[in-house]
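Encoded as structure tokens, the structure appears first; notes follow it.
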Number of protein chains: 2
Amino acid sequence: MTSARPRSTAVAGAPELAADLSFLLARANALSLAAGNAALAPFGLKARSYSVLALASGDARPAQRDLAEYLRLDPSQVVALVDDLQAKGLVTREPDPTDRRANVVVATPEGARLFRDAERAARDAERTLHADLSDAERAELGRLLARLAFPG
Amino acid sequence: MTSARPRSTAVAGAPELAADLSFLLARANALSLAAGNAALAPFGLKARSYSVLALASGDARPAQRDLAEYLRLDPSQVVALVDDLQAKGLVTREPDPTDRRANVVVATPEGARLFRDAERAARDAERTLHADLSDAERAELGRLLARLAFPG
DNA sequence: TATTGTTATACTCTATAACTATA
DNA sequence: TATAGTTATAGAGTATAACAATA
């Protein structure tokens, strides 16, 4: 017979970290990332590759350097992510007419289609994970997080 | 002469991810983690070891398994973290009188002292990072994040 | 001179399985 | 039979430096 594990409860109420925004951010992100990766797995994507595909599917026509900045990745990591997506036929590297050093990353039609399907699954998973927040609270959280994520 | 990089701006305004709570969470966390690790480096700590030291400094008397659950780490990672802190004389492993399998992790006096100093530095760094949020907004963000971080 | 993309390398982090001692 | 801690190991993620082509 297992006891009710009172120690665990004590830790859960510990004041040392519960008031720490950085810690809450880290823990919420860990849960979100795990749920997101699980939702994206059937599409052969992870959070990273999904993000690259998302930006490649839009109108921004990002160079790899833009992806690195926006996603806070090292340019060398972007190389590997784009290599992988390109090998799967989901994105292409197009020469940037205004800068011959740069590759513009663009989704193929299949890539754009897969992104739309994956996006729906990701949104559903997020909705489930945040089920106990109201729409207004989700919107407020998004506004506050955006100010932390994009200062200045 | 460098141009104003209009592409970057276009990506920053891309609607594909900007509305994605998971993405905002990931990006905000990445910035927070980088700032936190930088602030903790002078103390020989990182976010992980700081969190362990924080819980060991409180009254919770956590077993390693409690630390693993609360910090969302694998128990084998906790072993390495506690080994490191113990080698530095900041925490000790005490036998749990109620369960001879379990080690209770407790801060030494030096550990508790270092934590207090590190905590101040971490709080200052966080305050700087979140300078454009009001106290009320910070509190609201904490409430919302706590509900994501500790569902149920 | 500086920047984009690339490669190579090393380092950290993470996930998994197996083992021991206890429960 | 299950759990706490440990060990080992492999894989993923991250950071760094160097290079060729181009700006």
Side-chain angles (χ1 to χ4, degrees), chain A residues 1-5 7-8 11 26-27 29-31 33-34 36-38 40-41 44-52 61-87 91-105, chain B residues 1-5 7-8 11 26 29-31 33-34 37-38 40-41 44-52 61-87 91-105:
Chain A
M1 200 193 296
T2 55
S3 72
R5 289 215 207 118
R7 238 190 294 101
S8 234
V11 175
R27 201 175 199 277
N29 181 54
L31 294 172
L33 190 61
N37 280 337
L40 293 171
L45 297 172
K46 297 186 180 183
R48 286 283 159 74
S49 44
Y50 171 80
S51 300
V52 171
R61 297 183 62 80
Q64 294 187 192
R65 183 167 189 285
D66 299 322
L67 297 174
E69 270 183 25
Y70 196 64
L71 302 175
R72 283 194 61 83
L73 299 172
D74 192 90
S76 63
Q77 298 173 45
V78 175
V79 172
L81 284 166
V82 173
D83 280 354
D84 179 59
L85 290 172
Q86 193 171 33
V91 304
T92 56
R93 281 182 238 237
E94 297 184 3
D96 182 342
T98 73
D99 185 340
R100 284 195 291 174
R101 294 172 303 180
N103 297 330
V104 169
V105 181
Chain B
M1 199 193 294
T2 54
S3 72
R5 289 215 207 117
R7 240 191 293 101
S8 235
V11 175
N29 180 55
L31 294 172
L33 190 62
N37 280 336
L40 292 170
L45 297 173
K46 297 185 179 182
R48 286 283 159 75
S49 45
Y50 171 81
S51 300
V52 170
R61 295 184 62 78
Q64 293 186 193
R65 183 168 189 286
D66 299 322
L67 296 174
E69 270 183 26
Y70 195 63
L71 302 175
R72 282 194 61 84
L73 299 173
D74 192 87
S76 64
Q77 297 175 45
V78 176
V79 171
L81 286 166
V82 174
D83 280 354
D84 180 60
L85 291 172
Q86 192 170 34
V91 305
T92 57
R93 282 183 239 239
E94 297 184 4
D96 182 341
T98 73
D99 186 340
R100 284 195 292 173
R101 294 172 304 180
N103 297 329
V104 169
V105 181

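Each chain gets a letter, A, B and so on, in the order its sequence line appears, and its residues count up from 1. Source: prediction; values computed, not measured.
- Phosphate contact (OP1/OP2 of C/dT12, side-chain N/O of B/K46, threshold under 4.0 Å): absent.
- Contact annotation for A/R72: no contact, since no heavy-atom pair falls under 4.0 Å across all strands.
- Closest to the side chain of B/A102, out of D/dA4, D/dG13, D/dT6, is D/dA4.
- The nucleotide whose nearest atom lies closest to any side-chain atom of A/Q77 is, among C/dT6, D/dA15, C/dA23, D/dA15.
- Looking only at side-chain heavy atoms (C-beta outward), B/L71 and B/V52 come within less than 4.5 Å of each other.
- As judged by a 4.0 angstrom heavy-atom cut-off over every strand, B/D74 is placed among the base-contacting residues.
- The interatomic distance linking A/R100 (CZ) with C/dA2 (P) rounds to 22 Å, in whole Å.
- Taking the side chain as every heavy atom from C-beta outward, B/L81 and B/L67 never approach each other to under 4.5 Å.
- Interface remark: the A/S76 side chain does form a donor-acceptor pair with the D/dT16 base, using a distance-only criterion of under 3.5 Å.
- Between B/R72 and A/L31 the shortest side-chain heavy-atom distance falls below 4.5 Å.
- Going from atom CD of A/E69 over to atom P of C/dT3 covers 11 Å, rounded to whole Å.
- The nearest whole Å value for the distance from the CG atom in B/D66 to the C1' atom in D/dA4 is 10 Å.
- Residues meeting the side chain to side chain donor-acceptor pair (under 3.5 Å) test with B/R100, sequence neighbours left out: none.
- Counting all heavy atoms, side chain and backbone alike, B/L85 lies closest to B/S49 at CD1-O, 3.8 Å.
- In this entry the distance linking CG of A/D99 with C1' of D/dA20 reads 15 Å, nearest Å.
- Atom-to-atom, CG of A/L67 to C1' of C/dG5 comes out at 12 Å; the value is rounded to the nearest Å.
- A/N37 places its CG atom 19 Å from the P atom of C/dC13, with the value rounded to the nearest Å.
- Regarding B/Q64, its CD atom lies at a distance of 14 Å from the C1' atom of C/dA21, rounded to whole Å.
- For A/R101 and C/dT3, a side-chain-to-base donor-acceptor distance below 3.5 Å is present, hydrogens and geometry of angles not being considered.
- Atom P of nucleotide C/dT3 and atom CG of A/N103 are separated by 18 Å, given to the nearest angstrom.
- Contact annotation: A/R65 side-chain N/O to C/dA2 OP1/OP2 distance is not under 4.0 Å.
- Contact detail for B/Q64 and B/V105: the closest heavy-atom pair is CG-CG2, 3.8 Å.
- At a non-hydrogen distance threshold of 4.0 Å, nothing from residues 78-87 of chain A comes into contact with DNA chain D.
- In this structure, A/K46 and A/L40 have side chains that are not in contact, with every pair of non-hydrogen atoms separated by 4.5 Å or more.
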